[in-house]
Amino acid sequence: MPILRIALDVPLSTLFDYLVDENLPAQIGQRVLVPFGRKQMVGIIMEVIEKSDIALDRMKPITQLLTDVPPLTEEVLTLLRFCSDYYHHPLGLTVMAALPSRLRAAEPVTIKREWSYTLTATGRALDLNEFPKRRAVQLRLLQALSTRELNMAQLKVLSSSAASQLKNLMDEGWVAPCAAAQPLALAHTFNNPHTLTAEQQEAVGRISTRHVGLKSDLRSNGNFGFKCFLLHGITGSGKTEVYVHLMHEALQQQGQVLLLVPEINLTPQLENYFRSRFPDTELVSLHSGMNDNERTTNWLKAQSGEARIILGTRLAVFTPLPQLSLILVDEEHDASYKQQDGLRYSARDVAIFRANQRGVHIVLGSATPSLESYYNAQSGRYQLLKLTQRANQQAALPVVRCLNTANVAMQDGISPILLAALAERLHRKEQSLIFINRRGYAPVLMCTACGWLSGCSNCAGKLVLHLKDRRLRCHHCGHQERVPQGCPSCGNSDLQPVGLGTQRIEEALQAHFPEARILRVDRDSTRNKGSWAAMRKQIEADEVDILVGTQILAKGHDFPNMTLVGVLNPDGALYSGDFRASEKLFAQLAQVSGRAGRADKPGEVLIQTAFPDHPLFQALRAHDYDAWAKTLLSEREEAGFPPFVFQVLLRAEDRQESDVYVFLKQAREMAKGLKMPVEIYGVVAATMAKRANHFRAQLLVQSDTRRSLQQFLREWRPMIETIPAKKIRWSLDIDPLDF
Ligand code: ADP
Ligand code: ZN
Ligand code: ZN
């Protein structure tokens with residue numbers, strides 16, 4: 001009897017061996033149902049072997065081979081094996097996490113799909129000349145299907161009663177559903193209203209695979225050779241237009257295109273935009289905001305080749321795409337590409353691996369590339385393409401100015417110059433945006449008598465004052481309580497909010513401009529599904545004068561009547577302990593500045609800061625990303641930080657603080673004992689030293705090359721696993737972004 005090695009959703013680094021009847025056509029990549037303990041679990045066949053280390057009489061047979069969905073391809077399995085290896089995460093968990101939840105469940109997949117229809121052998125054998133003329137609709141359907149496969153929408157064009165007549169034809173056994181039609185040289189409509197700018201043209205031309213020529217059968221390999229491009233284009237330079245043209249080309253070559261976008265950017269707006277450019281091309285989205293059914297349906301459409309454009313957030317990087325011929329990663333610097341729990345992968349990096357494995361081009365796009373990508377482009381590993389001009393000639397870059405907050409009397413945290421600029425926009429009936437990256441009313445409540453601060457009882461953080469519903473909330477663990485009447489420590493009744501949040505700024509601006517229509521956009525005001533979409537409509541319809549919001553507002557939106565952006569309180573990130581904080585701040589401010597003056601009206605950006613001469617602001621004023629990136633790179637090189645080194649962070653947390661440190665110190669001793677070429681730091685508390693009643697600490701290890709770090713990890717991880725760690729939760733974070 002053959003033996004199947006199965007990946008299961010259990011936190012062990014092994015596969016599980018099961019017996020299978022040799023008459024069953026078990027294939028690698030196929031789903032199976034197997035007994036595990038007292039449960040039945042779904043798994044994926046990773047290998048078919050003849051001999052197992054496990055004794056025959058101890059192995060159980062599988063319960064069922066699941067044939068409702070085609071098997072995962074070797075290509076996808078290789079990608080998942082790589083991720084499991086590189087991120088040191090159990091293979092079973094990695095494989096199962098890549099499947100939509102409906103495919104992980106033991107129930108059969110009964111998703112209603114848009115099938116195509118085709119003639120069966122008996123259907124093809126019919127002599128249509130002899131077919132009864134009174135069954136005209138059936139005849140028309142049969143004639144159409146004799147030339148090619150058609151889906152329901154296409155059949156309905158032939159007759160309004162196509163659905164019921166098709167059923168009759170299927171009952172006769174003449175027609176059967178089939179997996180989606182291959183796009184056999186199906187021409188697609190491409191709406192192309194713009195003439196590319198010279199820079200766009202140059203970028204498209206360099207990335208283009210056209211000159212490579214259509215070698216043999218793209219469907220079987222699609223292999224044009226791997227190349228990684230960094231498309232560095234300022235905000236408004238028309239990177240999207242470059243993507244659209246590359247998509248067009250890939251579609252012409254019968255390829256599938258994967259476009260990855262950050263979490264926040266995935267709005268129906270974006271989907272509709274690409275649909276408007278390719279109106280008859282099947283396009284699907286994949287993101288965590290979808291329900292299980294939608295996600296599984298779209299995933300299956302991608303797997304069958306029916307979907308030609310796949311628009312998704314990080315999890316979409318694992319989607320099976322039989323004709324994948326191009327990968328695009330928009331806003332490649334965005335931190336949301338990195339998953340922060342479970343399989344801590346970077347979807348951007350996995351996408352690069354995938355493109356390399358498949359031999360296709362990948363384009364990383366950004367106005368503010370990550371230092372890692374920028375460095376790779378400088379060193380020639382990636383090919384650098386630049387868009388230095390705005391696509392719309394009239395839309396000049398905004399004028400960026402710093403408002404020095406030292407020695408200025410602020411009004412509710414806003415400088416008089418910014419208030420005057422807001423008044424001017426109100427007068428001109430233009431929109432303004434006030435950017436502050438803090439939701440709530442104030443970051444903390446303080447007692448004026450004894451200095452008590454509203455701390456969270458479960459965390460090291462402070463409770464944020466939310467005045468709208470008179471609550472104190474912890475943004476880390478979710479704990480909340482009513483605002484106390486008096487100080488819990490001394491009883492004094494004068495408690496004051498300290499610092500600024502979106503709600504407080506909204507209130508202050510409303511008091512200052514009673515006539516203005518002010519809209520607050522943050523996680524609290526956009527929590528309900530559809531609320532952000534409704535708000536965007538309001539903004540577009542010019543029903544809003546001043547927007548107050550967090551980073552949700554920074555990305556990708558195009559508000560043509562917005563001419564002023566004010567930035568409050570960015571200084572915290574300038575001298576933060578997190579070495580990436582200033583990199584992130586620059587990206588955020590460049591993005592949010594890009595919101596000003598997109599159309600024919602010039603924009604202005606006013607930044608309130610106590611450090612106007614900081615190199616970050618100098619570069620921002622000059623719109624000079626390169627100068628800033630070079631400054632950061634030389635700092636990082638000197639300090640020995642990424643991208644010059646490669647890091648792994650061992651994190652641990654537990655209710656018992658001492659246990660965490662004992663565990664990490666032991667892991668550290670083991671690491672040192674290996675005497676490998678890595679640098680081992682000390683055990684330190686995490687930035688958030690306590691969260692949800694767990695004490696958190698970490699240990700950083702770094703190395704000059706990925707390879708030596710991986711070699712070290714292969715030795716070290718099994719040793720960590722032997723530490724008797726009670727209930728300590730620990731994890732390895734490879735290429736960590738947050739500390
Ligand atoms: P980015 O993603 O680089 O910030 P977008 O792709 O959103 O920029 O383009 C900015 C604006 O310029 C959009 O309104 C887009 O329609 C327009 N645009 C892009 N390319 C062209 C072009 N070649 N000619 C005219 N307008 C263009
Ligand atoms: Zn007090
Ligand atoms: Zn808390």
Side-chain angles (χ1 to χ4, degrees), residues 191-204 231-247 259 261-262 265 269-270 273-274 276-277 328-332 363 365-369 385-398 444-464 472-481 484-496 540 554-560 587 590-600 625 688-696:
N191 289 331
N192 187 16
H194 301 304
T195 311
L196 291 183
T197 64
E199 286 182 330
Q200 285 172 328
Q201 188 67 63
E202 160 88 13
V204 171
L231 178 63
H232 177 203
I234 61 168
T235 56
S237 60
K239 292 182 287 296
T240 314
E241 198 59 29
V242 172
Y243 303 153
V244 165
H245 278 257
L246 294 170
M247 282 177 179
L259 169 62
V261 296
N265 233 348
Q269 196 189 12
L270 195 66
Y273 179 75
F274 288 104
S276 75
R277 303 300 297 273
L328 306 166
V329 184
D330 193 26
E331 311 286 4
E332 65 86 27
V363 181
S366 175
T368 50
L385 303 167
K386 283 189 163 201
L387 305 178
T388 62
Q389 308 290 319
R390 284 200 154 179
N392 179 348
Q393 300 298 332
Q394 293 159 318
L397 280 167
V444 65
L445 192 64
M446 188 182 81
C447 168
T448 52
C450 74
W452 169 87
L453 294 171
S454 58
C456 176
S457 48
N458 309 328
C459 303
K462 298 283 178 274
L463 293 174
V464 176
L472 292 172
R473 288 212 175 90
C474 175
H475 288 184
H476 301 283
C477 73
H479 169 79
Q480 49 171 303
E481 53 193 62
Q485 299 289 344
C487 171
S489 171
C490 76
N492 165 37
S493 63
D494 186 23
L495 299 178
Q496 288 294 329
E540 276 156 18
K555 296 180 188 169
H557 312 290
D558 215 345
F559 302 128
Q591 287 288 342
V592 79
S593 303
R595 301 313 111 213
R598 299 273 286 188
D600 48 352
Y625 167 87
M688 189 70 186
K690 185 185 168 201
R691 191 167 72 193
N693 285 317
H694 284 71
F695 293 91
R696 311 163 77 229

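These numbers were taken from a predicted model, which means no experiment stands behind them. Remember, it's 1-based here, ligands and their atoms both numbered in the order they're listed.
Using a cut-off of 4.0 Å between Lys/Arg side-chain N and Asp/Glu carboxylate O, Glu331 and Lys239 are scored as not salt-bridged.
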Exercise for the section: Output, in order, the C-alpha distance, side-chain angles, deciding distance and verdict of side-chain contact (heavy atoms from CB on, under 4.5 Å) for Arg277 and Glu241. Expected result: CA-CA 10 Å; Arg277 303 300 297 273; Glu241 198 59 29; 2.8 Å; yes
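Between Leu495 and Pro484, the closest heavy-atom pair is CD1-O, 3.8 Å. Scanning both residues, Thr195 and Gln200, for their nearest heavy atoms gives O-OE1, 4.5 Å. What you find for Leu328 and Met247 is that their closest heavy atoms are CD1-CE, 4.0 Å. When every heavy atom of Val329 is checked against every heavy atom of Tyr243, the shortest pair comes out as O-OH, 4.2 Å.
With Lys239, Gln200, His194, Gln201 as candidates, the residue nearest to atom 20 (N) of ligand 1 on a non-hydrogen basis is Gln200. Comparing Pro560, Gly236, Ala367 against atom 10 (C) of ligand 1, the shortest heavy-atom distance belongs to Gly236.
Within the protein, the number of N/O/S atoms found under 2.8 Å from the Zn ion (ligand 2) is 4. Note on the Zn ion (ligand 3): protein N, O or S atoms under 2.8 Å away count 4, no waters included.
Using a 4.0 Å cut-off to heavy atoms of Gly238, the atoms of ligand 1 that qualify are 1 (P), 3 (O), 5 (P), 6 (O), 8 (O), 9 (O), 19 (C). Close contacts of ligand 1 with Ala391, meaning ligand atoms under 4.0 Å from a residue heavy atom, involve 12 (O), 18 (N), 19 (C), 20 (N), 21 (C), 27 (C). For ligand 1, the atoms sitting less than 4.0 Å from at least one non-hydrogen atom of Ile234 are 3 (O), numbered in the order shown with element in parentheses. In the vicinity of Thr195, heavy-atom distances shorter than 4.0 Å reach the ligand 1 atoms 22 (C), 23 (N), 24 (N). Residue Thr240 approaches ligand 1 through these ligand atoms, each under 4.0 Å from one of its heavy atoms: 2 (O), 5 (P), 6 (O), 7 (O). Atoms of ligand 1 lying under 4.0 Å from any heavy atom of Thr235, numbered from 1 in the order shown and given with element: 4 (O).
Within the 4.0 Å heavy-atom shell around ligand 1 one does not find Gly233.
Residues satisfying the side-chain contact (heavy atoms from CB on, under 4.5 Å) test with Glu202, not counting sequence neighbours, are Arg206. A search for ring-ring contact (aromatic ring centres under 6.0 Å, His included) contacts involving His475 returns His466, not counting sequence neighbours.
For Arg390, no heavy-atom contact with ligand 1 is shorter than 4.0 Å. Only the backbone of Leu196 comes within 4.0 Å of ligand 1, judged by heavy-atom distances.
Residue Asn392 has no nitrogen or oxygen atom sitting less than 3.5 Å from a nitrogen or oxygen atom of ligand 1, judged on distance alone.
Using modelled atom types, one side-chain atom of His232 and one backbone atom of Ala367 make a donor-acceptor pair closer than 3.5 Å.
Between the SG atom in Cys459 and the CG atom in Asn693 there is a gap of 7.5 Å [rounded to 0.5 Å].
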